[in-house]
Amino acid sequence: MTTRRETILAAITSTLAGTTGVSTRIYRSRVEPLTRGESPALVIEPISDSAEQLTSLPRLDWSLTVRIAVIVRGNVPDQLADPTVESLHAKLMADLTLGGYAIDVQPQGVNFEMVEADQPAGVIACDYLVRYRTSVTNLATA
């Protein structure tokens with residue numbers, strides 16, 4: 001069995017298939033640099049996951065911060081990334097339960113980083129808070 005967190009990250013990856021401009025270049029927690037031919041691309045990674053037990057019920061309420069980085073190359077990278085950011089946001093917000101695995105998905109913010117590479121590059125990081133619930137004794141079930 002896999003944890004609810006991993007199931008949610010897989011659901012996000014599936015949901016983002018067909019995002020404008022990235023084709024099949026959607027990666028999960030990729031640490032290797034992207035080549036010029038691999039961009040534009042999306043990199044999906046968990047940033048933090050914290051739990052609270054709000055009642056005496058045997059349930060944990062989790063807050064998972066997920067970063068979806070849009071990586072582009074070209075002049076004015078943030079402008080080049082904009083259609084991809086718009087597309088990924090629309091796809092992610094279309095089902096706030098991610099197929100029933102989450103309680104809610106909430107946008108948290110966007111960070112812009114422009115870097116010098118073989119040509120101008122940008123990493124536009126879109127952060128989302130995913131709220132979900134598990135059993136106290138089993139991270140795979142609600």
Side-chain angles (χ1 to χ4, degrees), residues 1-117 120-142:
M1 237 180 168
T2 188
T3 65
R4 180 65 57 118
R5 176 179 48 248
E6 283 299 319
T7 302
I8 287 169
L9 291 166
I12 291 171
T13 302
S14 295
T15 296
L16 295 179
T19 297
T20 299
V22 298
S23 185
T24 59
R25 294 178 305 271
I26 301 173
Y27 305 100
R28 170 66 203 290
S29 300
R30 181 173 172 146
V31 295
E32 302 89 20
L34 295 171
T35 66
R36 183 187 295 194
E38 291 178 305
S39 61
L42 299 180
V43 176
I44 301 161
E45 57 189 355
I47 300 302
S48 66
D49 200 12
S50 59
E52 292 181 281
Q53 189 170 2
L54 299 175
T55 66
S56 60
L57 298 174
R59 300 281 179 257
L60 295 173
D61 288 339
W62 292 86
S63 297
L64 170 64
T65 301
V66 176
R67 176 163 294 148
I68 304 166
V70 180
I71 301 168
V72 295
R73 284 188 158 97
N75 293 327
V76 194
D78 55 308
Q79 187 177 44
L80 288 171
D82 200 56
T84 303
V85 170
E86 181 181 18
S87 177
L88 80 83
H89 180 79
K91 287 177 170 296
L92 199 56
M93 301 308 284
D95 176 8
L96 298 178
T97 70
L98 296 170
Y101 297 114
I103 296 169
D104 195 21
V105 176
Q106 303 166 357
Q108 293 295 290
V110 179
N111 293 302
F112 302 87
E113 181 180 356
M114 307 313 153
V115 294
E116 185 178 339
V123 178
I124 305 354
C126 306
D127 291 350
Y128 291 86
L129 180 68
V130 180
R131 303 272 303 152
Y132 69 99
R133 182 170 288 142
T134 67
S135 162
V136 168
T137 58
N138 186 338
L139 296 178
T141 62

TODO: Give a yes or no on whether Gln53 atom CD has more than 12 heavy-atom contacts from other residues, nucleotides or ligands under 6.0 Å away.
DONE: yes

Task: Closest non-hydrogen atom pair between Val105 and Met93, with its separation - done: O-CE, 3.6 Å

Task: Value rounded to 0.5 Å, distance of OG1 in Thr20 from CG in Asp82 - done: 11.0 Å

Task: Closest approach of Arg133 to Arg4 (non-hydrogen atoms, all atoms of both residues) - done: O-NH1, 4.1 Å

Task: Check against side-chain hydrogen bond (donor to acceptor under 3.5 Å, both in side chains), Gln106 and Asp104 - done: CA-CA 7 Å; Gln106 303 166 357; Asp104 195 21; 2.9 Å; yes

Task: Atom CD of Gln108: over 12 foreign heavy atoms under 6.0 Å - done: yes

TODO: Flag the pair Ser29 / Pro46 as yes when at least one side-chain heavy-atom distance between them is below 4.5 Å, and no otherwise.
DONE: yes

Task: Close side-chain approach of Tyr132 to Leu98, heavy-atom, < 4.5 Å - done: no

Open item on the list: Would you compute the distance between atom CG of Asp127 and atom CD of Glu45 and round it to the nearest 0.5 angstrom?
Closed with: 9.0 Å

Open item on the list: If you define the side chain from C-beta out and look only at heavy atoms, does anything of Asp49 sit under 4.5 Å from Thr65?
Closed with: no

Task: Non-hydrogen atoms of His89 and Pro107 that approach each other most closely - done: CE1-CG, 3.8 Å

Open item on the list: Would the distance check show the side chain of Ser14 and the main-chain N or O of Ala10 forming a donor-acceptor pair, the cut-off being under 3.5 Å?
Closed with: yes

Task: Note, Leu139 side chain near Trp62 side chain (heavy atom, < 4.5 Å) - done: yes

TODO: Starting at CG of Leu64, measure out to CD1 of Ile8 and round the result to the nearest 0.5 Å.
DONE: 6.0 Å

Task: Atom pair OG1 (Thr3) and CG (Leu9), whose distance is rounded to the nearest 0.5 Å - done: 8.0 Å

Task: Greater than 12 external heavy atoms within 6.0 Å of Tyr101's OH - done: no

Task: Spatial distance of atom CZ (Arg67) from atom CD1 (Ile44) [nearest 0.5 Å] - done: 13.5 Å

Open item on the list: Can you give me the closest heavy-atom contact between Pro120 and Asn75, atom names plus distance?
Closed with: CG-OD1, 3.6 Å

Task: Pro33 to Glu38 - nearest heavy-atom pair and separation - done: O-OE1, 4.0 Å

Open item on the list: On a heavy-atom basis, which atom in Thr84 and which in Gly21 lie closest, and how many Å separate them?
Closed with: OG1-CA, 4.3 Å

Task: side chain to side chain contact (heavy atoms under 4.5 Å, CB included) between Ile103 and Thr97, worked out - done: CA-CA 5 Å; Ile103 296 169; Thr97 70; over 6 Å; no

Open item on the list: What I'd like to find out is whether the side chain of Pro40 reaches to under 4.5 Å of the side chain of Arg25, using heavy atoms alone.
Closed with: yes

TODO: Determine whether more than 12 heavy atoms belonging to other residues, nucleotides or ligands lie under 6.0 Å from atom CD of Glu116.
DONE: no

Open item on the list: Nearest 0.5 angstrom please: Leu129 CG to Ser50 OG, how far?
Closed with: 8.0 Å

Task: Any Leu92 side-chain heavy atom under 4.5 Å of Ile68 side chain - done: yes

